[in-house]
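As a basis for the values below, the full set of heavy atoms in this structure was taken, side chains included, without hydrogen atoms, waters or symmetry mates.
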2 protein chains.
Amino acid sequence: MRVDARKNYDRLLAVAGEVFADEGADASLRDIARKAGVGLGTLYRHFPTREALLETLLRASFEALAERAKVLESSDSADEALVAWMQETTEFTYRQRGIIALMMGAIEDTNSALHDSCVMLRAAGTALLTRAQAEGKARDDLSGAELFDLIAALAWLREQPSHAARADHLFTLIADAILTDSSGAHSGAGSEPGTTAPTETVPPPAG
Amino acid sequence: MRVDARKNYDRLLAVAGEVFADEGADASLRDIARKAGVGLGTLYRHFPTREALLETLLRASFEALAERAKVLESSDSADEALVAWMQETTEFTYRQRGIIALMMGAIEDTNSALHDSCVMLRAAGTALLTRAQAEGKARDDLSGAELFDLIAALAWLREQPSHAARADHLFTLIADAILTDSSGAHSGAGSEPGTTAPTETVPPPAG
DNA sequence: GAATAATCGGAGCACTGCTCCATTTTGTCA
DNA sequence: TGACAAAATGGAGCAGTGCTCCGATTATTC
């Protein structure tokens with residue numbers, strides 16, 4: 001890549017990261033180009049779709065979430081691992097305002113730039129779910145796709161301002177619904193989003 | 001109202017009903033005006049916001065859902081009544097594609113034309129929930145607002161094409177999570193959206 | 001039939017996503 | 001160093017959006 005192209009590419013990513021953070025995933029691309037001091041054509045040359053831009057920005061985070069699932073797979077408690085990963089994934093996803101709707105569309109659209117990331121994320125969750133099910137800690141009649149749906153629904157809910165105050169409670173309710181009664185989850189230690197996972201496990205998006 | 005104004009008003013409502021049904025709640029207002037054979041200014045004169053137009057179209061249905069809750073309140077089974085109403089409300093809401101997002105914004109925006117309808121709907125659900133709780137059929141740590149959130153989340157999920165096949169199953173999962181174990185809901189009779197409420201209880205939107 | 005008030009409808013503004021291509025810049029090779 | 005081809009640029013242009021504004025038109029009243 002030519003050095004001037006590289007410079008513009010980097011500038012676009014940096015600015016896009018800020019603008020998306022400020023205004024959500026439906027921010028104006030023209031605005032991003034303008035703030036990057038670059039023509040609109042240049043933006044489209046580097047990132048042919050909005051999703052391509054978002055994918056480049058968020059790929060590292062998606063991969064970190066998948067990696068995190070791998071680590072959690074070797075933890076002691078299969079149910080706590082599952083809930084912790086659900087919590088982290090929900091948290092990350094809802095913070096990228098507007099992205100969960102794109103992801104739900106991308107997961108069955110093989111042409112979408114976000115497709116692979118979504119499939120990877122779903123697979124990572126499925127592995128944790130399957131392990132919990134094998135240990136009798138999670139209900140058997142739940143698929144990885146359904147787990148993904150539940151996380152998406154929770155993330156969408158958190159994007160709604162009117163819901164904010166109740167977010168943790170509903171997360172716990174749904175987490176408990178996934179776990180089997182015998183896993184003793186109702187006491188809450190493994191399913192309180194506010195109290196678990198105080199450490200930063202997913203890096204912020206690049207830029 | 002002048003007769004020409006009345007004629008345009010009615011035409012707009014009729015056309016808007018069709019267009020919103022075809023394209024969802026974010027359909028082009030200019031397109032609606034054009035198809036109604038009316039100027040854009042005329043549309044905005046009658047319906048100053050998109051939400052005002054939707055509210056006029058859907059008010060009767062919202063009121064029917066509230067009325068339905070009242071009827072269900074005097075049914076034998078408090079838990080079955082709650083789940084049936086959840087099912088009908090979710091069904092109605094998701095069929096009006098795109099409206100659930102507007103409703104979530106409207107419920108705490110007193111200026112929105114949809115505000116009153118949303119508050120009314122939430123209150124109707126709260127009454128059913130409270131009754132079920134009083135009878136020990138629903139978990140106590142759930143508020144009417146949270147019930148509304150769960151219905152919204154389910155309706156949003158159903159709007160996602162990738163989710164369609166799993167809609168009924170997740171509805172059942174969440175319905176069961178709301179009911180207490182003692183209510184015997186896990187056997188399913190009261191929480192199978194596909195099998196309950198075969199009768200049409202909510203009229204289609206006007207127009 | 002004339003006066004008046006209500007209503008109409010589309011031009012116009014600022015914005016969006018996206019395409020296209022004349023112009024400019026860069027890297028290479030003699 | 002200078003010439004040249006390839007790569008990259010950036011913004012004009014198109015079709016669409018929500019929404020406002022106001023001169024022209026129409027219905028109603030006297």
Side-chain angles (χ1 to χ4, degrees), chain A residues 1-57 97-99 101-103 105-106 109 111-114, chain B residues 1-57 97-99 101-103 105-106 109 111-114:
Chain A
M1 191 184 288
R2 252 166 59 169
V3 296
D4 54 342
R6 174 97 244 164
K7 198 190 72 182
N8 283 336
Y9 181 91
D10 291 341
R11 261 195 86 65
L12 277 168
L13 274 185
V15 170
E18 290 173 23
V19 174
F20 282 140
D22 282 354
E23 305 172 27
D26 59 345
S28 161
L29 296 184
R30 188 178 253 104
D31 194 39
I32 289 173
R34 188 162 34 221
K35 282 177 176 157
V38 148
L40 192 55
T42 303
L43 185 151
Y44 277 99
R45 159 176 292 263
H46 288 303
F47 306 101
T49 65
R50 156 179 256 105
E51 288 169 18
L53 179 49
L54 283 165
E55 197 269 344
T56 306
L57 274 172
R97 272 176 303 155
I99 213 183
L102 291 175
M103 287 172 67
D109 174 10
N111 293 324
S112 168
L114 285 169
Chain B
M1 192 185 287
R2 250 166 63 169
V3 297
D4 56 341
R6 172 98 246 164
K7 198 189 74 185
N8 283 335
Y9 181 91
D10 292 340
R11 260 193 88 66
L12 277 168
L13 273 185
V15 170
E18 290 173 24
V19 174
F20 282 139
D22 282 353
E23 305 174 27
D26 60 345
S28 160
L29 296 184
R30 186 179 255 105
D31 194 40
I32 290 173
R34 188 163 34 223
K35 282 178 177 156
V38 147
L40 192 55
T42 303
L43 185 151
Y44 276 100
R45 159 176 294 264
H46 287 304
F47 307 101
T49 66
R50 155 180 255 107
E51 287 170 18
L53 179 50
L54 284 165
E55 197 269 344
T56 306
L57 273 172
R97 273 175 303 157
I99 212 182
L102 291 175
M103 286 172 68
D109 174 9
N111 294 324
S112 168
L114 285 169

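- Listed candidates were D:dT28, C:dG17, C:dT7. Nearest to the side chain of B:Val3 is D:dT28.
- A donor-acceptor pair is defined here as one N or O able to donate and one able to accept, closer than 3.5 Å; no such pair exists between the side chain of B:Arg34 and the backbone of B:Leu40.
- The shortest non-hydrogen separation linking A:Phe20 to A:Ala25 is CE2-O, 3.6 Å.
- Comparing C:dG17, C:dG10, C:dC8 against the side chain of B:Leu40 picks out C:dG10 as the nearest.
- The residue among B:Asp4 and A:Gly41 whose nearest nucleotide of DNA chain C lies closer to the 5′ end is B:Asp4.
- Residue-to-nucleotide contacts include no donor-acceptor pair under 3.5 Å from the side chain of A:Arg45 to the base of D:dG11.
- Scanning atom types as modelled, one donor and one acceptor separated by under 3.5 angstrom connect the side chain of A:Arg30 and the base of D:dG13.
- Proximity of B:Asn8 to the phosphate of C:dT7: no side-chain N or O atom is located under 4.0 Å from OP1 or OP2.
- Here the P atom of nucleotide C:dT16 and the CG atom of A:Leu43 are 13 Å apart, to the nearest Å.
- The separation between B:Arg6 atom CZ and D:dT26 atom C1' is 18 Å, rounded to whole Å.
- The two residues A:Ala113 and A:Glu55 have their closest heavy-atom pair at O-CG, 3.1 Å.
- Rounded to an integer number of Å, the gap from CZ of A:Arg34 to P of C:dC18 is 16 Å.
- Relative to the side chain of A:Thr42, the nucleotides D:dC19, C:dC8, D:dT9 differ in distance, and D:dT9 lies closest.
- What separates NZ of A:Lys7 from P of D:dG10 is a distance of 8 Å, to the nearest Å.
- Taking only distance into account, the side chain of A:Arg2 meets the base of D:dA7 through a donor-acceptor pair shorter than 3.5 Å.
- Whole-Å rounding puts the B:Leu29 CG to D:dT17 C1' distance at 9 Å.
- A heavy-atom distance below 4.5 Å is found between the side chains of B:Leu13 and B:Leu53.
- At a threshold of 4.0 angstrom between heavy atoms, the contacts of B:Ala27 are confined to the sugar-phosphate backbone, with no base atom among them.
- Summarising the geometry, the separation between CG on B:Leu102 and P on D:dG18 is reported as 13 Å, rounded to the nearest angstrom.
- C:dC8 atom C1' lies 14 Å from atom CE of B:Met1, rounded to whole Å.
- Side chain of B:Ala5, nearest nucleotide from C:dC8, C:dT19, D:dT9: C:dC8.
- Counting atom types as modelled, B:Arg50 pairs no side-chain N or O with a base atom of D:dG18 as donor and acceptor under 3.5 Å.
- Using a 4.5 Å heavy-atom cutoff, the side chains of A:Thr56 and A:Tyr9 are in contact.
- In this structure a side-chain-to-backbone donor-acceptor pair under 3.5 Å is missing from B:Arg11 to B:Ala33.
- In this model, the phosphate group of D:dT9 is approached by a side-chain N or O of A:His46 to a distance below 4.0 Å at OP1 or OP2.
- Rounded to an integer number of Å, the gap from B:Leu54 CG to D:dG18 C1' is 15 Å.
- Counting only heavy atoms from C-beta on, B:Ser28 has its side chain closest to D:dT17 among C:dT16, C:dG27, D:dT17.
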